[in-house]
Amino acid sequence: MYVYLVFSMLVGLAQSDPPFCPPCSCKSVEKTKFEVTCNQDVRDKLFQESSWIDSTNKTYPYKTLLVHNMPILTLDKKFPISNVSYLSLANNSIVNISDSIFSNLQDMITLDLSYNNIEQIHPDAFDGQYLLNEFRPLKSLKNLHLDHNRISSLSNDVFEHTPHIEFLTISHNPLDKIDHQTLVAITSLVYLKQLDLSYTGLSSLPDAFLHTPRYLEKLDLSGNQFHRIPETLGDSHNLSDLYFNNNPIVNLTEENGFPKIPTLKILHLSGMRKLLNITSRALSNLENLEELFCYDNPELTHIDKDALSAKRDGAEYETWPPIKKLYLQDNKLSYIDMQLILQWKDLTELDLTNNPWTCECENQWIVDELMPIYLRLDEQKAKRLRCGAPIEMVALTFYDVYKKETTMRCLDLYGHRPERDGALLVGILAGVLITIPVVLFLIYAYQRHWFGLFDNSPAGFSRQFYKKTTSEDGPF
Ligand SMILES: *[C@@H]1O[C@H](CO)[C@@H](O)[C@H](O)[C@H]1NC(C)=O
Ligand SMILES: *[C@@H]1O[C@H](CO)[C@@H](O)[C@H](O)[C@H]1NC(C)=O
Ligand SMILES: *[C@@H]1O[C@H](CO)[C@@H](O)[C@H](O)[C@H]1NC(C)=O
Ligand SMILES: *[C@@H]1O[C@H](CO)[C@@H](O)[C@H](O)[C@H]1NC(C)=O
Ligand SMILES: *[C@@H]1O[C@H](CO)[C@@H](O)[C@H](O)[C@H]1NC(C)=O
Ligand SMILES: *[C@@H]1O[C@H](CO)[C@@H](O)[C@H](O)[C@H]1NC(C)=O
Ligand SMILES: *[C@@H]1O[C@H](CO)[C@@H](O)[C@H](O)[C@H]1NC(C)=O
């Protein structure tokens, strides 16, 4: 405060402090505007005309006004005329909002009513002023914070005076479900770009919920009770960021997984306490996904190699989304397939740390292919990949193995050595490939009666040949 006074004298602002300063703290911004923060009780001043309008009938140039921590603020009077653009009334134990109290705040862009005890909002609470072709709008209001209240339902027409809202949060309210009225209310916001429904007890979204908000870009459904990905996400037109953290999905599959959302670029699937398994094609419909945040899922043991890739109708080949950022840290993964994403070298961010990776041959590609890429991308994280198993390797990191240029051992579940199956198959294939032309040759030769020369029967010849290959494969 004093610093400000000295400063303003030095700069020579002839202007006197607005009435809120003191008791509130005020900061001068953009030369003549004030950012006011009140943590004291200003209930007597808040609605007084003289706090807002000076003796010459000019409005005080408040840019932002934050009024917090009042002991029970009753919103039953109109705010005087002001061009304040940001009004926060958070943390004031507000219960009810009387009609039309904000109607003089026609430059207000953001209204923050979070952390109160609001249960219901009457539609005329947001009543504005006459404007041609609109229904008495609060014409500047774009951002509305209603989080951390006690709202279980919104009335149909609660937003009829606030048609230009682009950002709405109802997070941390006991909605439990989106009933018909709430559905009508939210879908009346045609210009909505960001919607936060996190921590509202939801387990489903109504059909076609996302059909109306054409411009919706960001949706937060974290901290809810979803057991499947809501199908209406497929109705969205321009959804690019989805937060789906902390929901109780156990197995994310093709069946309960994502519908087609070609606009989705960023997906958050973290803090999923129960998530075990992301199976084949669970994320395949997100064909343009660029950033996958899937970390801090303490039970997640498996991500299928086909979880992200897709085989589109009629296409001959798999296609992969253009992943640039991949966060898989702090999970319980022991193995990932190299095919999970197409080009590891195209990544700009990668975090695989804090997983119990096995240092066995299934992860050999991490040493051979990924480590050089990872070291270039993020040397610190690359060097922090530890061996979680087998027991004799747990002291090592993948970087140690990489430097020693060793090949990690291969043991399957039964302690067999599955890499020998490969040799067996190659042996059989070679046998077959060699046998066919030989047999054909023998038949040809037999028909031509060439064997008269060798005094040997073709059957005996080929039998000998078969014997040879089978005895080679015998020990396996
Ligand atoms: C102050 O302005 C309002 C309209 O903004 C007007 O109604 C009122 O008469 C004015 N008062 C004085 C003292 O000029
Ligand atoms: C808003 O404040 C500015 C001063 O920063 C003033 O010139 C202008 O008239 C005010 N507008 C309204 C609508 O009160
Ligand atoms: C309101 O109070 C809560 C809890 O004390 C705090 O976490 C939050 O940051 C406060 N919000 C504002 C806007 O002051
Ligand atoms: C809340 O405000 C509305 C007007 O918006 C009024 O009709 C109602 O009686 C108020 N409720 C309480 C409990 O004060
Ligand atoms: C869609 O969203 C992007 C940002 O993700 C934005 O740049 C673009 O303007 C939006 N398009 C429409 C039609 O809303
Ligand atoms: C999840 O998948 C595992 C097998 O991978 C199965 O045992 C379990 O029952 C599944 N759980 C649910 C809830 O689908
Ligand atoms: C994950 O799901 C796949 C496909 O349903 C299954 O084959 C695999 O065993 C599962 N893994 C775990 C660890 O449950």
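For clarity, every value in this text was computed on a predicted model and none was experimentally measured. Whatever order the structure lists them in is the order used to number ligands and atoms, beginning at 1.
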State, to 0.1 Å, how close Lys311 and Tyr317 come at their nearest heavy-atom pair, and which atoms those are.
-> CG-O, 4.2 Å

Looking at Tyr374 versus Phe398, is the centre-to-centre ring distance below 6.0 Å?
-> no

Ring pair (Phe, Tyr, Trp, His ring centres under 6.0 Å) against His145, all qualifying residues, sequence neighbours excluded | Phe167

Please lay out, stage by stage, how Asn355 and Asn331 fare under the test side-chain hydrogen bond (donor to acceptor under 3.5 Å, both in side chains).
-> CA-CA 5 Å; Asn355 279 284; Asn331 294 319; 4.5 Å; no

For Arg214 and ligand 5, does the shortest N/O to N/O distance drop below 3.5 Å?
-> no

For His302 and Leu333, which heavy atoms make the closest approach, and how far apart are they?
-> N-CD2, 3.8 Å

Could you list each nitrogen or oxygen of ligand 6 that sits under 3.5 Å from a protein nitrogen or oxygen, with the atom names and the distance?
residue: ligand 6; atom: 2 (O); partner: Asn251; partner atom: OD1; Å: 3.1
residue: ligand 6; atom: 2 (O); partner: Asn251; partner atom: ND2; Å: 2.3
residue: ligand 6; atom: 11 (N); partner: Asn251; partner atom: ND2; Å: 2.9
residue: ligand 6; atom: 14 (O); partner: Asn251; partner atom: ND2; Å: 3.0

Option among Asn224, Ile229, Leu219 that satisfies the side chain to side chain contact (heavy atoms under 4.5 Å, CB included) test with Phe244 | Ile229

Which of the atoms of ligand 5 are close to Ser240, meaning less than 4.0 Å from one of its heavy atoms?
-> 5 (O)

Evaluate whether atom CD of Gln380 has more than 12 neighbouring non-hydrogen atoms of other residues, nucleotides or ligands under 6.0 angstrom away.
-> no

